[in-house]
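Scroll down for the structure; my scribbles are underneath it.
For the numbers below, each heavy atom of this structure counts, side chains included, while hydrogens, waters and symmetry mates do not. None of the values given here were measured: they were computed from a predicted structure. If you read the sequence from its start, that first residue is 1, and numbering goes on from there.
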Amino acid sequence: IIYSTILCAVSLSLFYFGMKKYSTDINFYYLIYFYLCVLASISGLLAYSVSRVITKNTIINFELKRKENIIYEDLKLAQQIQNKIISTDHFKFDNLNIDIIFRPMIQVGGDIYDVYKFANGNYRIFLADATGHGVQAALTTMLIKAEYEKIKEFEIDAAQVLAVFNDTFTKSYFSLNVFLTSIIIDIDFKNNKIHYSSAGHPTQYLIKSNKDVEMLKSTGKMLGLLENMKYELNTLCFSKGDKLILFTDGVFEQFNYSNEEFGEDKLVKLIDKNKHKKPQDINKKIISEIEKWCSNEFNDDITIMNFEIN
C-alpha cells in the first residue's frame, strides 16, 4: 500500500510538470492517456495487495478458529472427565444432608474432593486445592486423586493419612513443582466426634446447633513441599443439626473491578448471618454474593462443601 501510494505521488507530480511543458502540444493528450494508464495499473496493484492481505488474514482467522474449536472440545472432554471423578450423584448418605458447589475458573480446575463411607458407618471427607489454575491444576488433581484412592480406606487417623499422602506425593512428583493444601475430616457417629487434620488449608467452620461457630484451623504445612512432615490431629464434638462448612481459598480470594478482595472477614460474616439456614440455602447465598462481587468473572476455582448432621 505504501509502495502504491508513492507511485501515485510520483505519477501525479510527473503529470503536473508534463502539463506545464506540453500544454500547447498534441502530445499533451497522449501524456494524459499514459498517466491514466499508469494510475489504472497502480490502482490494480493496490487492489491486488489489499486482496492478498485480506485473504491472508482470512486464512489466519480460519486457522485460529479451527484451533480454538479443538482446544474447546479438549477442555469440554476434560471437564466431563473431572466432573465424573468428583461426581456428586452418589452423595446420598445416611445421617448427612450434603450440598456441594464446584465452580472452576474455566472448564476445569485445581480443586478436588471425595466423600467415603466406611463399613462401620463413619465418613471420611477429603478436600484439596492444587496450586495454579486451569489445565495444569486439573492434571495435578488427577495425580492427587490417584494417590489418595490408594490410601483413603486405611483405618488410620486423618493426620496419618495426610502424612502418608505427603510422603508418596512428594517422592513421586516433587520435580513437577506442584503443591496443594488439603483437609481430611473423619466423622465418628458412634462417639459424636469429628477428627480432622489440615495441611495448610484455610480455616473451616463447624456451625453448632446452638448457632455457635467453631473453627477448624490448619494443623500443618501444605503437601508436596518436603517428605517426613508431621500433622496434628484435632477433635471436636458434634450433635444433631450441626453444619460443617468446607471450602477452598477461591471462595474468598475473588476480586472486583476495583481490585478489592472479597476476603475471609466478609465470608465469615456471610456464614454467620445465614447459619440458621439449610446447607443448600447457605451455599446459594455464598455463591450469589461472590458472583455479584466479581461480576461472574472468577479469579480462582471455587468449591464449597456443606454437611448437615442429621
Side-chain angles (χ1 to χ4, degrees), residues 67-68 70-87 102-116 124-186 196-204 217-233 246-254 298-303 305:
K67 290 177 180 178
E68 284 178 1
I70 292 173
I71 293 173
Y72 174 77
E73 291 300 324
D74 287 346
L75 284 173
K76 188 175 179 181
L77 177 59
Q79 182 183 35
Q80 293 172 351
I81 293 171
Q82 188 171 52
N83 288 339
K84 186 68 176 178
I85 290 174
I86 58 176
S87 174
F102 173 60
R103 296 279 187 89
M105 192 175 75
I106 60 172
Q107 285 93 331
V108 291
D111 293 352
I112 188 166
Y113 55 84
D114 183 80
V115 181
Y116 176 72
R124 173 162 286 166
I125 303 167
F126 171 75
L127 176 60
D129 179 7
T131 54
H133 309 103
V135 176
Q136 173 191 341
L139 289 173
T140 302
T141 64
M142 301 299 101
L143 303 178
I144 295 169
K145 176 70 172 177
E147 296 301 332
Y148 179 69
E149 284 294 321
K150 298 174 185 177
I151 61 175
K152 73 177 185 181
E153 298 180 25
F154 289 2
E155 293 185 2
I156 54 179
D157 65 46
Q160 291 173 314
V161 174
L162 281 181
V164 173
F165 177 92
N166 179 69
D167 286 346
T168 304
F169 191 85
T170 305
K171 187 179 297 183
S172 301
Y173 308 112
F174 184 77
S175 61
L176 298 179
N177 201 34
V178 291
F179 314 103
L180 61 142
T181 66
S182 179
I183 185 169
I184 295 179
I185 298 173
D186 290 336
Y196 81 91
S197 188
S198 173
H201 208 69
T203 298
Q204 314 285 278
K217 296 184 178 181
S218 178
T219 63
K221 296 181 183 293
M222 66 190 308
L223 303 167
L225 293 173
L226 295 169
E227 294 182 50
N228 302 316
M229 296 292 292
K230 302 297 181 184
Y231 298 91
E232 294 181 16
L233 182 71
L246 311 178
F247 48 86
T248 54
D249 60 12
V251 173
F252 55 83
E253 290 183 352
Q254 299 292 338
F298 294 155
N299 312 117
D300 197 356
D301 307 318
I302 292 176
T303 299
M305 307 178 74

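- Scanning both residues, Thr170 and Gly224, for their nearest heavy atoms gives OG1-CA, 3.3 Å.
- Of the possible donor and acceptor atoms, one in the side chain of Gln204 sits under 3.5 Å from a partner among the backbone N and O of Pro202.
- By the 4.5 Å heavy-atom criterion applied to side chains, Asp249 and Asp300 are counted as neighbours.
- Residue Asp186 holds its CG atom at 10.5 Å from CD of Glu155, rounded to the nearest 0.5 Å.
- The 12-atom threshold is not exceeded at CD of Glu232, counting heavy atoms of other residues, nucleotides or ligands nearer than 6.0 Å.
- For the residue pair Met222 and Leu225, the shortest heavy atom distance occurs at CG-CD1, 3.4 Å.
- The pair Asp114-Arg124 does not count as a salt bridge, with every side-chain nitrogen at least 4.0 angstrom from each carboxylate oxygen.
- Asn166 places a side-chain N or O within donor-acceptor distance of the main-chain N or O of Leu226, the cut-off being under 3.5 Å.
- Side-chain contact between Thr131 and Leu180: absent, with no pair of heavy atoms (C-beta onward) separated by less than 4.5 Å.
- Using a 4.5 Å heavy-atom cutoff, the side chains of Tyr196 and Leu233 are not in contact.
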task = Before giving the answer on side-chain hydrogen bond (donor to acceptor under 3.5 Å, both in side chains), spell out for Asp129 and Thr181 the whole-Å C-alpha distance, their side-chain angles and the decisive distance to 0.1 Å.
result = CA-CA 5 Å; Asp129 179 7; Thr181 66; 4.6 Å; no
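- Phe154 meets the ring-ring contact (aromatic ring centres under 6.0 Å, His included) test with no other residue; sequence neighbours excluded.
- Taking the side chain as every heavy atom from C-beta outward, Tyr113 and Thr303 approach each other to under 4.5 Å.
- Not counting sequence neighbours, the partners of Phe126 by the ring-ring contact (aromatic ring centres under 6.0 Å, His included) test are Tyr148.
- Heavy-atom contacts from other residues, nucleotides or ligands closer than 6.0 Å to CD of Glu227 number more than 12.
- Taking both residues in full, the closest heavy atoms of Met105 and Phe298 are given as CG-O, 3.2 Å, listed atom of the first, atom of the second, then distance.
- Pairing each heavy atom of Gly109 with each of Pro104, the nearest pair is N-CB, 3.7 Å.
- Judged by distance alone, with hydrogens and angles left aside, the side-chain atoms of Glu149 form no donor-acceptor pair with the main-chain N or O of Ala146 at under 3.5 Å.
- Side-chain contact check for Ser182 versus Leu162: some heavy-atom pair is nearer than 4.5 Å.
- Remark: Phe169 pairs with Phe165, Tyr173 by the ring-ring contact (aromatic ring centres under 6.0 Å, His included) rule, at least two apart or across chains.
- Within the 4.5 Å cutoff, side-chain heavy atoms of Leu127 are placed close to those of Met305.
- Residue Ile183 holds its CD1 atom at 13.0 Å from NZ of Lys217, rounded to the nearest 0.5 Å.
- Residues Ile184 and Ile125 fail the side-chain proximity criterion, which asks for heavy atoms closer than 4.5 Å.
- Among all heavy-atom pairs drawn from Ala130 and Ile144, the shortest one is CB-CD1, 4.1 Å.
- Side-chain atoms of Gln254 come within 3.5 Å of backbone N or O of Gly250 as a donor-acceptor pair.
- Annotation: side chain of Phe179 is not in contact with side chain of Leu223 (no heavy-atom distance under 4.5 Å).
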message = Show, in sequence, the C-alpha distance, side-chain angles and deciding distance for Thr219 and Ser198, and conclude whether the side-chain hydrogen bond (donor to acceptor under 3.5 Å, both in side chains) test is met.
response = CA-CA 5 Å; Thr219 63; Ser198 173; 5.4 Å; no
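- Around atom NZ of Lys221, no more than 12 heavy atoms belonging to other residues, nucleotides or ligands sit under 6.0 Å away.
- Of all heavy-atom pairs between Ile112 and Thr141, the closest is CD1-O, 3.4 Å.
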